[in-house]
Amino acid sequence: MRAFIIAISLLLPGIVFANNLSITNVSLVRPNEANKTINIKFDVSWSNSWSDSENYDAVWIFAKYKKTADSNWYHVKLSGIYSFGSGTALIGSVPSDYVGCFLYRSATSNGALSTTNIEIIWDWGMDSNLSASSVIDEIKVFGIEMVYIPQGNFYIGDGDGTEDGYGGSGHSPAAFNSGTNDALPVLIGTTLARNIYASGDIESGIGIGGSGPYAGIDTNNDGTIDNASFPVGWAPFYIMKYEITQGQYADFLSTLTSAQCNNRYNSALYGSSRYTITGTCPNITTNRPDRACNDMGYQDLYAYADWAGLRPVSDTEYEKACRGPNTPVSWEQAWGIQSYTYAMSISGSENGTETVTGPAGANYVEEMDPGYEYSGGDAGYGPLRVGIFATSGSNRVTSGAGYYGAMDLSGNVAEFVVSLSPVSSGRSFQGTHGDGALTGSGAANNSDWPLGDPYMFYHEDMGTGASVSGRASSVSGRSSILGGRCARSAP
């Protein structure tokens, strides 16, 4: 009997995502037919990594494989980390669903990270598609940069005193600012992880009891959310450091069947609003891999999350990622203050090293302006390279970072989130994770992920429209301004 995976016709090289994440020198080593395992060996590096007393960044690693005489890609199951390699000292973990692993620094440090000869354990015995005689044609190892958000209390709502998060017409009330007293932000935490408090009177903050737009979250009026599994954000979680890029989305499409791919992509969008994904399914490419991916609908975001072993972000988690434990500031951007200005021109070739020039003397930035035609590079309305404002000398404000280091939470593309209100189906969200496999039509298969357009953050043409506590009405289908990112509960 031929030993499993010894015959490999092709091993693909690593892939490069935002911030110079590179996964290279992929190989399969240490086959163990008795244990039904084989190790995936690779090198990893990325820029601007950190670990400090508050939090750290990490990379989420997962893999896909393709067998001989089978054009479908399947998700790899991991049972452990065999070796953290050599170079930058790493630690990490494999969650209990085995769909991937986290890698991050083992000690307080920051800067470029580079580690070679990492080995993760592929437990092929958990995969009904494989046997000891299976032959693997191709394997791809994927990485997504994440930011760890620690456990702890935080506020939702910025207390702007209005029923609209940014003063725009025709949009929904801002989340958590529409009770009988709009001026009160709401504390998540204290004694119980799922509790909501607002100066001793939960209804005064957001109207989650008998009336108001959040009625039904707490039907017992006991200060707790009825759905105890809703990922509020008090417990630790990981969120993508950047929005999904066009390179990441093209790689996702290229591992789907033609039927799945065609439902998750519209080739006619190429060339409009700086969207550069092109090709015939499943052979999809882009020449701007570091640019935020737009023209997404919520079903596309769900499918990407399921495929990657992640999940959608809740709107309360989003506020925590932006604000951290700080006291809210009215109409604040993700970088903690109200001030902003639009990007005006692109400097340099758009190859992942381009920068943006703002007006003279401007220190605050928002990435996307539908009313302005960018000069330089691929001029025109649409998203920019993710993390474009971060430099070696930038701070939270000038880089446009959230409290914990996630980038572009205000600006670039509008991001879908699962909201507690007013979409009732969102309240049943359990925060389950994707399993790496989609339905035959290319849809996510998590039953608790709400169908129907969920409410979303709307980062568009006004700075107040990109405020941390602002929400906008849901939309149908894809849009040139829509994209997003994913999350995962900490193991």
Side-chain angles (χ1 to χ4, degrees), residues 11-30 37-49 51 56-66 73-106 112-124 126-127 136 138-148 237-242 244-245 247-248 251-252 254-255 304-311 433-437 485-491:
L11 274 172
L12 296 181
I15 51 178
V16 178
F17 287 161
N19 221 0
N20 301 317
L21 173 61
S22 177
I23 298 171
T24 56
N25 298 323
V26 177
S27 62
L28 296 175
V29 298
R30 306 182 203 278
T37 64
I38 192 167
N39 290 359
I40 305 174
K41 183 178 178 181
F42 59 93
D43 304 337
V44 67
S45 63
W46 72 91
S47 302
N48 303 319
S49 171
S51 177
Y56 55 87
D57 72 337
V59 63
W60 171 246
I61 297 288
F62 60 100
K64 308 278 183 178
Y65 70 92
K66 188 163 63 173
W73 288 90
Y74 300 94
H75 199 88
V76 166
K77 292 285 190 179
L78 302 177
S79 60
I81 300 174
Y82 180 87
S83 172
F84 289 103
S86 59
T88 305
L90 301 178
I91 55 176
S93 60
V94 175
S96 59
D97 57 6
Y98 312 113
V99 299
C101 69
F102 286 107
L103 296 173
Y104 45 89
R105 289 177 179 269
S106 64
L113 180 155
S114 180
T115 302
T116 61
N117 299 322
I118 298 166
E119 293 184 35
I120 55 179
I121 303 170
W122 179 0
D123 193 330
W124 57 266
M126 289 192 285
D127 192 335
I136 302 303
E138 300 180 45
I139 184 168
K140 293 184 178 183
V141 178
F142 297 89
I144 299 176
E145 289 182 73
M146 310 289 286
V147 173
Y148 176 74
F237 65 98
Y238 290 87
I239 192 170
M240 287 176 64
K241 186 186 293 185
Y242 306 103
I244 298 168
T245 66
Q248 288 172 318
D251 284 328
F252 155 67
S254 295
T255 63
Y304 182 88
D306 191 5
W307 169 85
L310 301 175
R311 62 165 173 80
H433 299 119
D435 61 2
R485 74 184 78 211
C486 308
R488 187 173 177 96
S489 302

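Atoms considered below: every heavy atom in the structure, side chains included; atoms not considered: hydrogens, waters and symmetry mates.
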> Knowing that exactly one of W73, W307, Y74 qualifies, which makes a side-chain hydrogen bond (donor to acceptor under 3.5 Å, both in side chains) with T255?
Replying inline: W307

> Where do I23 and F142 come nearest, in terms of heavy atoms and distance?
Replying inline: CD1-C, 3.7 Å

> Taking side chain as C-beta onward, heavy atoms only, is W46 less than 4.5 Å from V59?
Replying inline: yes

> Is there side-chain contact between L21 and V44, with heavy atoms separated by less than 4.5 Å?
Replying inline: yes

>> Regarding S114 and T88, do their side chains bring together a donor and an acceptor under 3.5 Å, going by distance alone?
In response: no

> CG/L28 to CD1/I139 distance, rounded to the nearest 0.5 angstrom?
Replying inline: 5.0 Å

>> Is any side-chain heavy atom of W60 closer than 4.5 Å to one of P95?
In response: yes

>> Nearest 0.5 Å, please: how far is NZ in K41 from OG in S83?
In response: 8.5 Å

>> Would the distance check show the side chain of D43 and the main-chain N or O of N117 forming a donor-acceptor pair, the cut-off being under 3.5 Å?
In response: yes

>> Using 0.5 Å steps for rounding, measure from the CG atom of D97 to the CG atom of L78.
In response: 10.0 Å

>> Nearest 0.5 Å, please: how far is SG in C486 from NE2 in H433?
In response: 10.5 Å

> For the residue pair V94 and G100, what are the closest heavy atoms and their distance?
Replying inline: CG1-O, 3.5 Å

> Which heavy atom in I120 sits nearest to a heavy atom in C101, and how many Å separate them?
Replying inline: CG2-SG, 3.9 Å

>> A side-chain contact here means heavy atoms from C-beta on lying under 4.5 Å apart; do I144 and L310 qualify?
In response: yes

> Passes side chain to side chain contact (heavy atoms under 4.5 Å, CB included), Q248 versus Y304? Steps please.
Replying inline: CA-CA 9 Å; Q248 288 172 318; Y304 182 88; 3.6 Å; yes

> Rounded to the nearest 0.5 Å, what separation is found between the CZ atom of R485 and the CD1 atom of I244?
Replying inline: 9.5 Å

> Between F102 and Y238, does the ring centre distance come in under 6.0 Å?
Replying inline: yes

> Which atom names give the shortest non-hydrogen contact between A63 and I40, and what distance separates them?
Replying inline: CB-CD1, 4.1 Å

> Just wondering, do F62 and H75 contact through their side chains at under 4.5 Å, heavy atoms?
Replying inline: yes

>> Between D306 and D435 (side chain of the first, backbone of the second, donor and acceptor by atom type, cut-off under 3.5 Å), is there such a pair?
In response: yes

> To the nearest 0.5 Å, what is the distance between CD (E119) and CZ (R30)?
Replying inline: 4.0 Å

>> Looking at G436, is its backbone amide N or carbonyl O close enough to the side chain of K64 to form a donor-acceptor pair, meaning the two atoms are under 3.5 Å apart?
In response: yes

>> Within a 6.0 Å radius of atom CZ on F84, are there more than 12 heavy atoms belonging to other residues, nucleotides or ligands?
In response: yes

>> Quick check: Y65 with W122 (ring centres under 6.0 Å apart)?
In response: yes

>> For Y104 versus A58, what's the shortest heavy-atom pair and its separation?
In response: CB-CB, 3.8 Å

> Are side-chain heavy atoms of V99 and K77 found at a separation under 4.5 Å?
Replying inline: yes

> Mind checking whether N48 and D57 have side chains closer than 4.5 Å, heavy atoms only?
Replying inline: no

>> Any heavy-atom pair between the side chains of I81 and L103 that's under 4.5 Å?
In response: yes

